[in-house]
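As a basis for the values below, the full set of heavy atoms in this structure was taken, side chains included, without hydrogen atoms, waters or symmetry mates.
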Amino acid sequence: MIIVLLGPPGAGKGTQAQRIMDTKGLVQLSTGDMLRAAKKAGTEVGKKAKEFMDAGKLVTDEIVIGIIADRIEEDDCKQGFLLDGFPRTVAQAEALDELLKNKGLHVDVVIEMKVNDESLVDRIAGRYTCAECNQGYHDTNLKPQQADVCDSCGSTNFNRRSDDNRETVIERLATYHAQTAPLLPFYEQKGVLRTVDGMADIDDVTVQINDVLNQL
Ligand code: ADP
Ligand code: ADP
Ligand code: ZN
């Protein structure tokens, strides 16, 4: 199964992807995580992506399409995958269709996570992740059970993203509305778009997503 999670920054895509991965046994492909890894490793791609990411702008289609094209060839993608943060432009969506068509595959479902812009700024400002296993947390909405200890791996090291500040978030939201929102009618026309209420509690959103997936 090929699932796309679509929604603005902070909508809860990564949070829900981690859960779907666990229950459905699908691998999560997050272009944001891959680009951050490339940036950290100082690769050519990472160097090219850095200034766009820091400014809250999209990295070029060419770069992210190249990353995804390589990644979906790997063995762990054979049973399907969950795309988190890709595609983000119509050109990326068209390229994805083409890549999948060559393998006799297609996008099975696109889950739109709808959240008010006002809530997104607080979600992103309070976001942090485990430095060891990448488990996501939030200062008020989702704290580890034991303060400062990761529930998943016991690590006490956490990261905050340099682009998770209020100024960059405003830019990222504008980018979402201008460049990514056109994917909604694109996928609606294909009959694969389903919308969930991303304003609900984290567990409730998971229930809504599982309902969508169980109906396929
Ligand atoms: P995205 O991957 O869409 O950018 P995340 O999954 O990283 O978003 O979520 C952003 C922040 O909001 C995280 O700190 C997460 O813990 C929190 N969060 C996610 N879903 C919800 C929700 N339904 N209600 C409240 N906070 C949430
Ligand atoms: P969020 O969902 O919180 O906005 P991501 O981790 O998905 O953040 O992405 C972080 C940054 O990486 C984006 O602001 C953008 O610069 C870049 N990026 C990630 N995915 C893509 C993509 N599909 N196309 C272009 N740029 C991307
Ligand atoms: Zn951890």
Side-chain angles (χ1 to χ4, degrees), residues 2 4-15 17-18 21 26-77 81-100 102-103 107 120-121 123-138 150 153 155 157-183 186:
I2 294 163
V4 174
L5 290 183
L6 191 61
K13 301 180 296 295
T15 304
Q18 282 173 340
M21 225 178 18
L26 292 176
V27 35
Q28 171 195 9
L29 307 186
S30 159
T31 39
D33 285 347
M34 294 178 209
L35 289 167
R36 277 186 289 282
K39 219 171 103 174
K40 202 169 160 197
T43 65
E44 273 314 302
V45 162
K47 282 180 201 153
K48 281 189 200 153
K50 186 182 182 316
E51 65 179 281
F52 296 105
M53 294 173 79
D54 292 346
K57 307 250 189 235
L58 292 183
V59 172
T60 64
D61 288 336
E62 193 193 352
I63 290 179
V64 286
I65 292 166
I67 292 179
I68 287 292
D70 289 344
R71 184 64 184 85
I72 64 176
E73 291 305 323
E74 288 179 35
D75 276 350
D76 60 350
C77 291
F81 43 87
L82 177 67
L83 290 163
D84 157 14
F86 180 94
R88 257 176 154 100
T89 63
V90 172
Q92 291 176 22
E94 287 169 342
L96 175 65
D97 278 351
E98 205 52 38
L99 286 169
L100 295 177
N102 294 336
K103 295 167 151 306
V107 170
L120 295 171
V121 180
R123 283 198 190 178
I124 290 178
R127 164 161 68 185
Y128 62 97
T129 53
C130 171
E132 303 300 329
C133 76
N134 209 32
Q135 176 71 42
Y137 294 99
H138 189 277
C150 175
C153 75
S155 164
N157 290 323
F158 296 91
N159 283 334
R160 281 180 198 266
R161 283 167 47 179
S162 57
D163 60 340
D164 277 354
N165 57 71
R166 286 177 190 268
E167 301 74 58
T168 315
V169 173
I170 309 258
E171 185 61 38
R172 280 154 64 199
L173 278 175
T175 303
Y176 176 80
H177 289 297
Q179 292 181 269
T180 307
L183 289 178
F186 177 89

State, yes or no, whether a side-chain contact exists between [X] and [Y] at a heavy-atom distance under 4.5 Å.
X	Y	answer
L29	L82	no
V64	L58	no
C77	K103	no
V59	V45	no
P9	V169	no
K13	Q28	no

Exercise. Please collect all side-chain hydrogen bond (donor to acceptor under 3.5 Å, both in side chains) contacts where either partner lies in residues 40-51, sequence neighbours excluded, each pair once.
Key: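 As it turns out, the side-chain hydrogen bond (donor to acceptor under 3.5 Å, both in side chains) pairs with a partner in residues 40-51, which skip direct neighbours, are K50-D54.
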What are the two closest heavy atoms between [X] and [Y], and how far apart are they?
X	Y	answer
P87	L6	O-CD1, 4.0 Å
D97	V107	OD1-CG2, 4.3 Å
G32	M53	O-CE, 4.3 Å
G7	Y176	C-CE1, 3.4 Å
A91	I65	O-CD1, 4.3 Å
T129	G136	CG2-CA, 3.9 Å

Practice problem: Please name the residue in the list L83, D76, T31 that meets the side-chain contact (heavy atoms from CB on, under 4.5 Å) test with R71. | Solution: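 By the side-chain contact (heavy atoms from CB on, under 4.5 Å) criterion, R71 pairs with just one of L83, D76, T31: D76.
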With rounding to the nearest 0.5 Å, note down the distance linking [atom1] in [X] to [atom2] in [Y].
X	Y	atom1	atom2	value
C153	N134	SG	CG	10.0 Å
L99	Q92	CG	CD	11.0 Å
F86	I67	CZ	CD1	9.5 Å
I72	L96	CD1	CG	6.5 Å
R160	I124	CZ	CD1	13.0 Å
C133	Q18	SG	CD	7.5 Å

Quiz item: With R127, which of N159, T15, D164 fulfils side chain to side chain donor-acceptor pair (under 3.5 Å)?
Solution: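 By the side chain to side chain donor-acceptor pair (under 3.5 Å) criterion, R127 pairs with just one of N159, T15, D164: D164.
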Taking [X] for its side chain and [Y] for its backbone only, find out whether a donor-acceptor pair lies under 3.5 Å.
X	Y	value
T180	R88	yes
Q179	K57	no
T175	E171	yes
R172	D163	yes

Quiz item: More than 12 heavy atoms of other residues, nucleotides or ligands under 6.0 Å from CD of E74: is that the case?
Solution: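 Atom CD in E74 is crowded, with more than 12 foreign heavy atoms closer than 6.0 Å.
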Quiz item: Can you name the ring pair (Phe, Tyr, Trp, His ring centres under 6.0 Å) partners of Y128, sequence neighbours left out?
Solution: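 So Y128 forms a ring pair (Phe, Tyr, Trp, His ring centres under 6.0 Å) with Y137, F158.
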